[in-house]
Asker: 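Supplied in structure tokens, the structure appears directly below.
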Amino acid sequence: MSGRFDGTGRVALVTAGAGAGIGGAVVRRLADDGWTVVISDKHERRCLEAAERYSEEFGRKFLGLPLDVSDSAAVNEGMAQVDNEFGRVDLLVNNAGWSSIAPVAEISDEVWNQALGIDLSGTFYCMRAALQIMVRNGSGNIINMSSTAAWEATDVHGAAYSAAKAGVLALTRVAAAEYGKHGVRVNAVAPGLIYNPFLEKVYDQEFFDGYAERRTFLGRVGQPEDVSNLVAFLASDEASYVTGEVYTVAGGSAPHA
């Protein structure tokens with residue numbers, strides 16, 4: 001193991017974990033720390049290939065779970081499959097997200113519903129299903145991926161995405177209050193700009209040019225590993241007294257208290 005936090009014998013489910021970016025980095029870091037990871041992703045082929053690749057590399061079973069998190073019935077079925085396979089879900093990382101940028105007056109019903117369906121409802125569906133297993137087992141840990149878009153006053157994120165990510169923060173805090181007595185911790189991570197190739201399809205090059213110099217205190221754009229390192233800590237026993245919190249990973253560009 002290359003990580004410092006031991007997850008041996010524990011099972012994590014990471015949504016949108018098969019591709020590049022934050023999800024892939026989280027899967028890799030948890031795997032390095034000894035976790036058995038269920039890799040969930042909407043893209044079936046990529047999901048199953050990633051699970052097979054990690055299983056071979058780490059010498060333990062990594063289940064691939066093709067899943068559309070916005071489908072509540074599919075989430076319930078998928079979580080039941082994980083429970084049947086391993087008898088536990090120790091960690092849920094809600095990483096699935098979607099965004100389309102348009103001014104409020106120009107957002108279609110389709111865009112609004114899809115953003116909230118994936119970013120907020122999908123987070124809720126996965127939490128609801130996982131919490132039933134965690135309460136039964138008397139322990140668990142949920143890490144929800146929000147965004148600095150939840151509180152920034154800016155036009156670069158899109159209102160649907162921003163609204164959904166703000167909802168994730170409220171959902172995180174309420175769940176933490178409700179389920180702490182059952183041994184379950186619930187926290188949120190709010191990344192700023194974390195580079196992955198997909199963002200080049202969302203923003204034009206002018207958005208990236210000089211971003212580090214204009215916005216961050218550290219003079220660089222964030223990398224997926226900057227987020228996965230924090231997730232690894234929150235997933236570990238060293239964070240056993242941390243719940244109901246929101247952690248920003250944005251190089252100082254979007255402070256939040």
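None of the values given here were measured: they were computed from a predicted structure.
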Asker: Distance check, rounded to the nearest 0.5 Å: Q81 atom CD versus L13 atom CG?
Answerer: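 If I round to the nearest 0.5 Å, the distance is 10.0 Å.
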Asker: Tell me, do S100 and Q114 make a side-chain contact under 4.5 Å, heavy atoms counted?
Answerer: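 Of all side-chain heavy-atom pairs linking Q114 with S100, none is under 4.5 Å.
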Asker: Is there a side-chain contact between T123 and L171 in this structure, where contact means two heavy atoms from C-beta onward sitting under 4.5 Å apart?
Answerer: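 They are in side-chain contact.
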Asker: Tell me which one of R45, R46, R53 satisfies salt bridge (Lys or Arg N to Asp or Glu O under 4.0 Å) with E49.
Answerer: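 In the set R45, R46, R53, the residue that makes a salt bridge (Lys or Arg N to Asp or Glu O under 4.0 Å) with E49 is R45.
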Asker: With side chain to side chain contact (heavy atoms under 4.5 Å, CB included) as the criterion, how do V93 and I142 come out once you've worked through the C-alpha distance, each side chain's angles and the decisive distance to 0.1 Å?
Answerer: CA-CA 6 Å; V93 181; I142 297 174; over 6 Å; no
Asker: With side chain to side chain contact (heavy atoms under 4.5 Å, CB included) as the criterion, how do D90 and W35 come out once you've worked through the C-alpha distance, each side chain's angles and the decisive distance to 0.1 Å?
Answerer: CA-CA 10 Å; D90 300 287; W35 289 81; 3.9 Å; yes
Asker: Between M79 and R128, is there a side-chain heavy-atom distance shorter than 4.5 Å?
Answerer: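 Counting from C-beta outward, R128 and M79 never come under 4.5 Å.
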Asker: Looking only at heavy atoms, what is the nearest atom pair of P224 and A25, with distance?
Answerer: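 Answer, listing the atom of P224 first, then A25: CB-CB, 3.6 Å.
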Asker: Is the shortest heavy-atom distance from the side chain of V168 to the side chain of L120 under 4.5 Å?
Answerer: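 Side-chain contact under 4.5 Å: yes.
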Asker: So does N84 have more than 12 non-hydrogen atoms from other groups sitting under 6.0 Å from CG?
Answerer: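 Counting neighbours around CG of N84, more than 12 heavy atoms of other residues, nucleotides or ligands fall under 6.0 Å, so yes.
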Asker: Give the minimum heavy-atom separation between V242 and N187, together with the two atoms involved.
Answerer: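 Smallest interatomic distance, heavy atoms only, reads O-ND2, 3.0 Å.
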Asker: Is the shortest side-chain N to carboxylate O distance from D237 to R10 below 4.0 Å?
Answerer: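 R10 and D237: salt-bridged.
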Asker: How long is the span from the CG atom in L30 to the CZ atom in F5, to the nearest 0.5 Å?
Answerer: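 Taking CG in L30 and CZ in F5, the distance rounds to 11.0 Å.
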Asker: For a salt bridge (Lys or Arg N to Asp or Glu O under 4.0 Å) check, start with the C-alpha distance between R173 and E245, then their side-chain angles and the critical distance, and finish with the verdict.
Answerer: CA-CA 7 Å; R173 294 187 178 109; E245 298 288 353; over 6 Å; no
Asker: CD/E152 to OG/S147 distance, rounded to the nearest 0.5 angstrom?
Answerer: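 Rounded to the nearest 0.5 Å, the CD-OG separation comes to 7.0 Å.
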Asker: If hydrophobic clusters are built from ILVMFWY residues whose side chains come within less than 4.5 Å, do I143 and F233 share one?
Answerer: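 Cluster IDs for I143 and F233 match.
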Asker: Check this for me: does any side-chain nitrogen of one of R28 and E225 sit under 4.0 Å from a carboxylate oxygen of the other?
Answerer: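 The answer is no: the pair does not qualify as a salt bridge.
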Asker: Spell out, as yes or no, whether a donor-acceptor pair under 3.5 Å connects the side chain of S121 to the backbone of I118.
Answerer: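 Between the backbone of I118 and the side chain of S121 there is no qualifying donor-acceptor contact (under 3.5 Å).
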Asker: Grab the two heavy atoms, one from A96 and one from K165, that are nearest each other, plus how far apart they are.
Answerer: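 Taking every non-hydrogen atom into account, O-NZ, 4.4 Å.
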Asker: Taking the six-membered ring for Trp, are Y54 and F58 parallel (under 30°), tilted (30 to 60°) or perpendicular (over 60°)?
Answerer: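 Taking F58 first and then Y54, their aromatic rings lie parallel (interplane angle under 30°).
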Asker: Looking only at atom types and distance, does a side-chain atom of S55 sit under 3.5 Å from a main-chain N or O of F62, one as donor and one as acceptor?
Answerer: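 Side chain of S55 to backbone of F62, a donor-acceptor pair under 3.5 Å: yes, one is there.
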Asker: Test L67 against K42 for side chain to side chain contact (heavy atoms under 4.5 Å, CB included), laying out the working first.
Answerer: CA-CA 5 Å; L67 181 64; K42 189 175 182 179; over 6 Å; no
Asker: Show your reasoning for whether side chain to side chain contact (heavy atoms under 4.5 Å, CB included) applies to V231 and R29.
Answerer: CA-CA 9 Å; V231 169; R29 176 57 198 265; over 6 Å; no
Asker: Compare every heavy atom of A51 with every heavy atom of L63, then report the nearest pair and how far apart it is.
Answerer: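 Where L63 meets A51 most closely, the heavy atoms are C-CB, 3.8 Å.
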Asker: Check for me, please, whether V75 and V14 land in the same ILVMFWY cluster - side-chain distances under 4.5 Å, paths through other members count.
Answerer: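 No, it is not one cluster - the side chains of V75 and V14 are not joined through contacts under 4.5 Å.
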Asker: Hey, does the side chain of S236 reach the backbone of E238 with a donor-acceptor pair shorter than 3.5 angstrom?
Answerer: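 Side chain of S236 to backbone of E238, a donor-acceptor pair under 3.5 Å: yes, one is there.
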Asker: Enter the distance from R60:CZ to T36:OG1 here, rounded to the nearest 0.5 Å.
Answerer: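 Result: 5.0 Å between the selected atoms.
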Asker: Are T243 and Y179 close enough that some pair of their side-chain heavy atoms sits under 4.5 Å apart?
Answerer: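 Of all side-chain heavy-atom pairs linking Y179 with T243, none is under 4.5 Å.
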Asker: Using a 6.0 Å cut-off, check whether atom CD of E57 has over 12 heavy atoms from anything other than its own residue.
Answerer: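 Atom CD in E57 is crowded, with more than 12 foreign heavy atoms closer than 6.0 Å.
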Asker: Is there a path of hydrophobic side-chain contacts, each under 4.5 Å between heavy atoms, that joins V37 and V189?
Answerer: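 The answer is yes; both residues are in one hydrophobic cluster.
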Asker: Without swapping roles, check the side chain of D41 against the backbone of A18 for a donor-acceptor pair under 3.5 Å.
Answerer: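 Checked: pair present.
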Asker: Which atom names give the shortest non-hydrogen contact between T15 and N95, and what distance separates them?
Answerer: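 So the two residues come closest at OG1-N, 2.7 Å.
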Asker: Please check if I107 and Y161 belong to a single hydrophobic cluster, counting links between Ile, Leu, Val, Met, Phe, Trp and Tyr side chain heavy atoms closer than 4.5 Å.
Answerer: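 They do not share one cluster, since no chain of ILVMFWY contacts under 4.5 Å joins I107 to Y161.
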Asker: Hydrophobic clustering (ILVMFWY, side-chain heavy atoms < 4.5 Å, transitive) - are V186 and V246 grouped together?
Answerer: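 Different hydrophobic clusters.
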Asker: Rounded to the nearest 0.5 Å, what separates atom OG in S228 from atom CD1 in I22?
Answerer: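 The CD1 atom of I22 is 9.0 Å from OG of S228, to the nearest 0.5 Å.
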Asker: Within this structure, what is the CZ-CG distance for the pair F124 and L131, rounded to the nearest 0.5 Å?
Answerer: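 The CZ atom of F124 sits 9.5 Å away from the CG atom of L131.
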Asker: Can you list the residues that meet the side chain to side chain donor-acceptor pair (under 3.5 Å) rule with Q223, with sequence neighbours excluded?
Answerer: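 For Q223, no residue satisfies side chain to side chain donor-acceptor pair (under 3.5 Å) once neighbours in sequence are set aside.
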Asker: If we only count heavy atoms from C-beta on, is the V89 to D83 side-chain gap below 4.5 Å?
Answerer: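 In short, these two side chains do not touch, never coming nearer than 4.5 Å.
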Asker: Can you name the nearest heavy-atom pair linking D68 to A74, along with the distance?
Answerer: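 Taking every non-hydrogen atom into account, O-CB, 4.4 Å.
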Asker: So do W98 and V111 actually touch side chain to side chain, heavy atoms under 4.5 Å?
Answerer: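 Yes. Closest side-chain heavy atoms under 4.5 Å.
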Asker: Given 3.5 Å as the limit, does a donor-acceptor pair link the side chain of R185 with the main chain of L234, or not?
Answerer: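 Yes, because the side chain of R185 sits within donor-acceptor range (under 3.5 Å) of the backbone of L234.
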Asker: Using side-chain hydrogen bond (donor to acceptor under 3.5 Å, both in side chains), reason through S139 and N137 one step at a time and then give a plain yes or no.
Answerer: CA-CA 6 Å; S139 66; N137 291 346; over 6 Å; no
Asker: Applying the side-chain hydrogen bond (donor to acceptor under 3.5 Å, both in side chains) criterion to N94, which one of T172, D119, N144 satisfies it?
Answerer: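 Going through T172, D119, N144 one by one, the side-chain hydrogen bond (donor to acceptor under 3.5 Å, both in side chains) with N94 is satisfied by N144 alone.
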